[in-house]
Amino acid sequence: MNVATILSLKGRDVATAKAGATLMDIAKDLATHKVGAMVVVDDVGGVAGIISERDIVRAVSETGAEVLSGDAGDHMTKNVVTCGMDDTVADLMERMTDGRFRHLPVVDSGKLVGIVSIGDVVKQRIAEAEQEAEAMRSYIATG
Ligand code: AMP
């Protein structure tokens, strides 16, 4: 199972934000889209940053609620780790575990084309484990 297959099952929708959004704009959009992170995109569809609910919680706890009217770009992670269509579920798990984050934007030819969350990865890993168990059961049953 690779990223291309995951996207074919879950779709390519990504909640994105543009430079200039406030932290409050991002908080509202996270709630509206029921997601945990927004990808900030540049004018040509590339990834400029990522901002997750954790960044908002950190900013509010450090500065107070007034930070919500400030520029989200000041609180996003600019050095974004991404994945590509050919990466496997194991690659994604390793990258998320190493980076201690739960979202991986998918980039193809320099453009944002999807996002994979830790929930998507767990779902696919469980599906793979069930398929493996079923194959083993059928192998044993048929000798
Ligand atoms: P998350 O676990 O996705 O809520 O993110 C935890 C922290 O990692 C936040 O500071 C995010 O901005 C950052 N983060 C999330 N996804 C990525 C990513 N793919 N690359 C780099 N940083 C990320």
Side-chain angles (χ1 to χ4, degrees), residues 1-140:
M1 177 79 66
N2 63 11
V3 169
T5 312
I6 293 173
L7 291 190
S8 73
L9 295 170
K10 70 164 273 200
R12 290 180 172 227
D13 285 352
V14 190
T16 59
K18 287 255 170 75
T22 66
L23 219 49
M24 181 59 105
D25 294 330
I26 301 288
K28 284 182 177 164
D29 285 347
L30 289 176
T32 302
H33 295 289
K34 299 186 173 65
V35 294
M38 308 265 300
V39 181
V40 180
V41 289
D42 59 27
D43 291 339
V44 290
V47 175
I50 190 164
I51 184 153
S52 91
E53 52 205 4
R54 289 196 186 176
D55 298 312
I56 299 176
V57 168
R58 188 184 310 120
V60 170
S61 74
E62 285 173 0
T63 311
E66 65 270 23
V67 78
L68 292 168
S69 56
D71 188 348
D74 295 341
H75 305 279
M76 73 183 184
T77 301
K78 297 189 177 99
N79 194 8
V80 183
V81 179
T82 61
C83 63
M85 288 296 203
D86 295 333
D87 284 318
T88 64
V89 168
D91 295 330
L92 305 179
M93 285 167 60
E94 189 179 332
R95 234 164 276 175
M96 286 182 180
T97 305
D98 287 351
R100 294 170 182 268
F101 44 66
R102 298 166 291 177
H103 301 88
L104 277 171
V106 185
V107 172
D108 195 24
S109 304
K111 299 258 192 294
L112 176 69
V113 295
I115 191 163
V116 179
S117 75
I118 198 161
D120 302 320
V121 171
V122 169
K123 189 173 165 190
Q124 294 313 321
R125 188 65 202 103
I126 289 171
E128 278 180 357
E130 282 172 355
Q131 279 166 17
E132 285 160 15
E134 184 50 39
M136 187 64 75
R137 273 195 292 272
S138 136
Y139 174 74
I140 291 166

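For clarity, every value in this text was computed on a predicted model and none was experimentally measured. Counting starts at 1 for both ligands and their atoms, following the listed order. Start at 1 with the first residue, then count along the sequence.
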Which residue supplies the protein heavy atom nearest to [atom], what is that atom called, and how far is it?
atom                    : result
atom 20 (N) of ligand 1 : V81 N, 2.9 Å
atom 2 (O) of ligand 1  : R102 NE, 2.8 Å
atom 22 (N) of ligand 1 : T77 CG2, 3.5 Å
atom 8 (O) of ligand 1  : F101 CB, 3.6 Å
atom 5 (O) of ligand 1  : S52 OG, 3.4 Å

Can you give the donor-acceptor pairs under 3.5 Å from side chains of residues 15-24 to other protein atoms, not counting sequence neighbours?
unit_1, atom_1, unit_2, atom_2, d
T22, OG1, M24, N, 3.4
T22, OG1, D25, N, 3.0
T22, OG1, D25, OD1, 3.4
T22, OG1, D25, OD2, 3.1

Item to complete: Taking the side chain as every heavy atom from C-beta outward, state whether M85 and V113 have any atom pair closer than 4.5 Å.
Response: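 The answer is yes, as the side chains (C-beta and beyond) meet within the 4.5 Å cut-off.
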
Practice prompt. For D74, look at atom CG and say whether over 12 heavy atoms of other residues, nucleotides or ligands are found less than 6.0 Å away.
Written response: yes

Checking [X] side chain against [Y] main chain: does a donor-acceptor pair fall under 3.5 Å?
X   : Y   : result
T88 : D91 : yes
S61 : R58 : yes
R95 : T82 : yes

Item to complete: Would you tell me whether D29 and T32 have side-chain atoms, one donor and one acceptor, within less than 3.5 Å of each other?
Response: no

Fill in: T82 contact mode with ligand 1 (heavy-atom cut-off under 4.0 Å)
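Looking at T82 and ligand 1, no heavy atom falls under 4.0 Å.
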
Worksheet entry | D55 contact mode with ligand 1 (heavy-atom cut-off under 4.0 Å) | side chain

Worksheet item: Can you find a non-hydrogen atom of H103 under 4.0 Å from ligand 1?
Response: yes

Discussion item. List ligand 1 atoms under 4.0 Å from N79, heavy atoms only on the residue side.
Written reply: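 With N79 as reference, the close atoms of ligand 1 come out as 21 (C).
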
Worksheet entry | Contact atoms of ligand 1, heavy-atom distance to P105 under 4.0 Å | 19 (N)

Worksheet item: Does R100, backbone or side chain, put an N or O under 3.5 Å from an N or O of ligand 1?
Response: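 So ligand 1 has no N or O lying under 3.5 Å from an N or O of R100.
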
Solution key, residues 114-121 side-chain donor-acceptor pairs under 3.5 Å, sequence neighbours excluded:
unit_1, atom_1, unit_2, atom_2, d
S117, OG, G119, N, 3.2
S117, OG, D120, N, 3.3
S117, OG, D120, OD2, 3.3
D120, OD2, K10, NZ, 3.1
D120, OD2, S117, N, 2.9

